[in-house]
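Keep in mind the model is a prediction, meaning the values are calculated, not measured.
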Amino acid sequence: MMDMTNYLNRQLSGVKASAILTFANFAQQIPNVINFTLGEPDFNTPDHIKQAAIKSIDDDHSHYAPANGTLTLRQNASTFLAGKYRQHYTPDEIIVTQGATEALYTVIVSVLNPGDKVIIPTPTFPLYIADVTVAGGQPVLVNTAATGFKLTPELLTETLAREGDGVKMVVLNYPSNPTGVVYSSEELKALADVLRDKPIFALCDEIYSELHYDQPHVSLSNYLPEQTILVTGVSKSHAMTGWRIGLLCAPQPLINELSKIHQFTITSTATVTQDAAAAALGAGKDDALPMRDAYVARRDYILTALNELGFKTIKPNGAFYIYTKIASDLEQDDEKFAYDLAEKGLVAAVPGSYFGPGGEHYLRLSYATSMAEIRQGMTNLKDYVERQRAE
């Protein structure tokens with residue numbers, strides 16, 4: 001019998017199934033495990049947003065929306081971004097996408113030609129690497145473990161000099177998944193100075209911008225608007241992961257081109273969910289604030305527990321992840337440690353090496369779960385660590 005998998009896109013051979021999802025599925029089968037694996041807010045979507053969706057259904061908004069999104073949503077998004085972050089995009093410079101995931105895919109496929117290089121600071125969420133590979137590009141992974149998990153101007157300059165003229169794009173995700181680190185305005189200005197007037201795009205994934213704790217969120221688009229393509233959305237800010245609404249923002253000439261892949265990929269996003277997102281970015285522009293306060297309390301509780309156990313952690317200032325280095329007297333193979341911790345300690349935390357170079361010996365814990373679960377999880381972790389040290 002003919003094996004038709006031999007005739008698929010050759011780039012697929014360079015993409016592996018998600019190790020994060022594989023581990024999460026494994027952990028979910030363990031009774032009573034405390035799950036810190038996936039970035040899924042435990043909050044419910046605010047009621048006024050749900051009511052907007054119900055009204056949309058009652059009003060028979062069941063037909064195709066405009067390909068780039070409803071005007072109301074794009075207007076509200078424009079106002080939201082300008083008021084919150086001084087990001088000035090007209091409604092015509094915004095595409096409503098099927099989650100941030102589709103926005104990222106649309107940008108990467110639209111920008112890259114075969115062989116183009118994309119600088120991706122690691123540790124990072126693996127999606128960027130997979131998308132670049134499928135598009136025929138070459139991921140250039142830059143280990144940032146020695147620079148506080150941030151891409152510095154020096155690292156960027158060195159990488160550009162080494163990789164030559166083939167670099168087409170730099171990917172920045174901040175606040176970061178998996179590390180929770182953020183960039184200051186000074187750091188972003190310095191990166192903008194390196195990229196300015198070079199034929200290089202900056203793809204900025206700012207899906208966690210509303211979950212920015214100790215300082216206001218700043219975007220590279222404030223300093224490098226002509227070269228920046230911004231991706232954001234309501235999934236994390238408004239606990240709307242299942243509604244699948246992302247926002248793709250760029251100067252008008254770029255949007256005109258990016259819209260081609262978007263249109264031919266999904267036609268348009270569901271009208272009902274766009275009406276709900278319009279409420280989120282309108283009347284609900286500050287819905288994330290109470291959630292953010294809860295995340296800060298959870299972060300601080302976990303940090304204290306980890307420090308007491310000898311785990312070394314850079315304090316995350318955004319998103320809802322803690323990236324912690326396994327205590328030096330424990331098993332240092334992070335994958336082996338994570339699987340054993342889940343089975344014997346009833347705590348599921350993702351191996352840090354799944355996020356690329358620089359993640360070895362680390363674990364990622366998502367604190368998008370209740371404080372009761374967090375307390376039990378930290379108790380379980382302490383018991384496990386004490387048993388390991390006693391052996």
| query | Passes side chain to side chain donor-acceptor pair (under 3.5 Å), D334 versus S353? Steps please. | reply | CA-CA 7 Å; D334 55 278; S353 57; 2.6 Å; yes
| message | For F355 and Y323, take the angle between the two ring planes, folded into 0 to 90°, and tell me which bin it lands in: parallel under 30, tilted 30 to 60, perpendicular over 60. | response | perpendicular
| task | Return yes when atom NZ of K382 has more than 12 non-hydrogen atoms of other residues, nucleotides or ligands closer than 6.0 Å, and no otherwise. | result | no
| query | Charged N to carboxylate O below 4.0 Å: is that the case for K55 and D275? | reply | no
| request: Verify the distance criterion only: is there a donor paired with an acceptor across the side chains of E102 and T265 at less than 3.5 Å? | output: no
| said: Taking the ring of H217 and the ring of Y174, is the distance between their centroids below 6.0 Å? | reply: yes
Give every donor-acceptor pair under 3.5 Å between a side-chain atom in residues 289-298 and any protein atom, sequence neighbours left out.
unit_1, atom_1, unit_2, atom_2, d
R298, NE, T369, O, 3.1
R298, NH1, D42, OD1, 2.9
R298, NH1, Y367, O, 3.2
R298, NH1, T369, O, 2.8
R298, NH2, D42, OD1, 3.3
R298, NH2, D42, OD2, 3.1

| said: Classify the ring geometry of Y128 against F125: parallel below 30°, tilted from 30° to 60°, perpendicular beyond 60°. | reply: perpendicular
| message | Treating Y213 as the side-chain partner and A319 as the backbone partner, does any N or O pair qualify as donor plus acceptor under 3.5 Å? | response | yes
| request: State, without any angle test, whether D60 and S62 hold a side-chain donor-acceptor pair at a distance under 3.5 Å. | output: no
| task | Compare every heavy atom of L363 with every heavy atom of L341, then report the nearest pair and how far apart it is. | result | CD2-CD1, 4.4 Å
| If you link I, L, V, M, F, W and Y whenever their side-chain heavy atoms are under 4.5 Å apart, who else ends up in the same group as L281? | I49, L73, F80, L81, Y85, Y89, I94, V96, L230, V234, M240, W243, I245, L247
| Under 4.5 Å side-chain linkage, directly or through intermediates, the cluster mates of M4 | M2, Y7
